[in-house]
Protein chains: 2
Amino acid sequence: MAARTDDDGPAIPPAIESAWGLRERPPKGPRPGLTVSGIVDAAVRVADADGLAAVSMSRVAKELGAATMALYRHIGSKDELLMLMVDTGYGPSPGPAAPGVDWRAGLTRWAWAEHDVLRRRPWLLHVPITGPPLTPQTLGWMEDGLRCLDGTALTEGEQMSALLLITGYVRSEATLTTQITEGSRAAGRKPGEMMPAYGRMLSRLIDPARFPALHRVLTSGVLNHDDDPDEEFTFGLDRILDGIEALIRRRAV
Amino acid sequence: MAARTDDDGPAIPPAIESAWGLRERPPKGPRPGLTVSGIVDAAVRVADADGLAAVSMSRVAKELGAATMALYRHIGSKDELLMLMVDTGYGPSPGPAAPGVDWRAGLTRWAWAEHDVLRRRPWLLHVPITGPPLTPQTLGWMEDGLRCLDGTALTEGEQMSALLLITGYVRSEATLTTQITEGSRAAGRKPGEMMPAYGRMLSRLIDPARFPALHRVLTSGVLNHDDDPDEEFTFGLDRILDGIEALIRRRAV
DNA sequence: CATTACAGCGTACGACATACGCAGAAGGAG
DNA sequence: CTCCTTCTGCGTATGTCGTACGCTGTAATG
């Protein structure tokens, strides 16, 4: 049989199959003491406690009381482990919006849900993303977001683009906020002192003649105190939703 | 004056001082054969050629015909090197908008300029960002962006937020596009086949009853071909600018 | 009971960042 | 000119990491 390909289409990576529970236990051999989900949970525990940098294969194995190389019976590589960590790290999606809720309120709730997850698990932002979502939980998030836009006049492509726009914003804002909090901890500074410290550095570095706009911002005093992160987040989110709303209105005419 | 500290404010990291050219050559000792900018240029060359993962201290040293440890006379750590790489990687800012150009056209040009840089040097997206910009070129970019919003009714804080919104979007969109192109190269797939492959995987994984909205997108056919990246970019950018415009109009009343 | 396939693990290897200390060069002081 | 200080470049060594390979014991099948 020359080209008998039982799987139509591209191959599904083994880590993805694990995440969907498509691996059947083989009939022979000793019963496994380790499981994929157990390994992933342990890795998430390490990341929650000490950050993504602390997640090494040996550290995860120690967490499980196993040897380092034992993990490789269940996952193919550290990259696979990271992909699975993202899936369980995001956790279950917030669920569909209540009936009667309009798209804007629905997406606001959706964005805040991701925002909360990233606040709780900032290490998710440090995982290098290697492609579009393929794991169950992350696809659940996408599903819930898409449902919010179901009744609108946007095309499917526009709905995807709008969602990508929002997720991108949430991650970007979380990255910024996390940097500030992590950076202030690393510099031994009290929270709330980060922006003033940044402002003072800037004022010593920049020449007002060469950077007039920056100098204007600097003297305006907006950098004198850390912004309330939630207000910052709301500001940007409202701008994006305004932009989407403008398109929807135009389409609906 | 109780606490006379000669440096008022927080200490400036040595890498930052190097970037601003504030290091004076000491009068004694042998003349340096290596320079900070030479090292950074070599590292950028390596990243341009083989990606950020190829940038190791030994590889950069080899590029310069020097020994690995020689680099540490000039930079404090690899993280410092990365920060300097970002500065020269971004390069000079696009410059202020021509007089008479309104804020929207100015910011569009600004966003496309960053977009082009990230297309040319996708490794910039893989550098873990550790804080707000402090180096000359990156601050130049911020300066140019701020100038676009100078005449508008937005407060300084709102101007910064708007800029952050746009940069975040540009980086986020570039990350996505880069993943698709890098991923298709890694999977040995022709460009243009990535989204269809993704769609086929999805259709084999998701249950239409559990993921109705995703299934609807899947059957709509939008995933049957790779989107034109420039159109995608324009779509999101226009949404964000629409949102900012709505705010400016409201303020201007 | 023999076979077989698999689980857990010990060892080993190559790549990496980087701490430490030595050798030699270049300018200043006598 | 000579000596001394101070800097540059670098060789060595250490600890961490991901992971390839192969051995040992175990559980179910024939």
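Excluded from the calculations below are hydrogen atoms, water molecules and symmetry mates; all remaining heavy atoms, backbone and side chain alike, are included. Numbers restart at 1 for each chain; the letters A, B, ... are given by sequence-line order, proteins then strands.
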Practice task
Heavy atoms of chain B, cut-off under 4.0 Å: which first and last nucleotide of DNA chain D, 5' to 3', fall inside that, if you could look?
Solution key: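 Footprint of chain B along DNA chain D, 5' to 3': dT5(D) to dT12(D).
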
Exercise for the section: Return yes if a side-chain donor-acceptor contact under 3.5 Å exists between Thr177(B) and Glu173(B), otherwise no. Expected result: yes

Practice task
To the nearest 0.5 Å, tell me how far Leu71(B) CG sits from Leu34(B) CG.
Solution key: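 With rounding to 0.5 Å, CG (Leu71(B)) is 6.5 Å from CG (Leu34(B)).
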
Atom pairs, N/O to N/O, protein against nucleotides 16-19 of chain C, distance under 3.5 Å?
unit_1  : atom_1 : unit_2   : atom_2 : d
dA17(C) : OP1    : Lys78(B) : NZ     : 2.7
dA17(C) : OP2    : Met57(B) : N      : 2.9
dT18(C) : OP2    : Tyr72(B) : OH     : 2.8
dT18(C) : OP2    : Lys78(B) : N      : 3.1

With [X], which residues qualify under ring pair (Phe, Tyr, Trp, His ring centres under 6.0 Å), at least two apart?
| X | answer |
| --- | --- |
| Tyr90(B) | Trp141(B) |
| Trp20(B) | none |
| His115(B) | Trp112(B), Phe233(B) |

Could I get a table of every N or O pair under 3.5 Å where one atom is in the protein and the other is in nucleotides 23-28 of chain C?
unit_1  : atom_1 : unit_2   : atom_2 : d
dG27(C) : OP1    : Arg31(B) : NH2    : 3.2

Exercise for the section: Looking at every strand, decide which applies to Ala70(B) at a 4.0 Å heavy-atom threshold: base, sugar-phosphate, or nothing. Expected result: base

Handout entry: Arg45(A) atom CZ, neighbour heavy-atom count above 12 within 6.0 Å
Key =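 Count over threshold, so yes.
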
Practice task
Assess whether atom CZ of Arg120(B) is packed by more than 12 heavy atoms of other residues, nucleotides or ligands within 6.0 Å.
Solution key: no

Exercise for the section: Quick one: closest heavy-atom pair of Arg200(A) and Ser203(A), and the distance? Expected result: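 Residues Arg200(A) and Ser203(A), closest heavy atoms: O-OG, 2.8 Å.
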
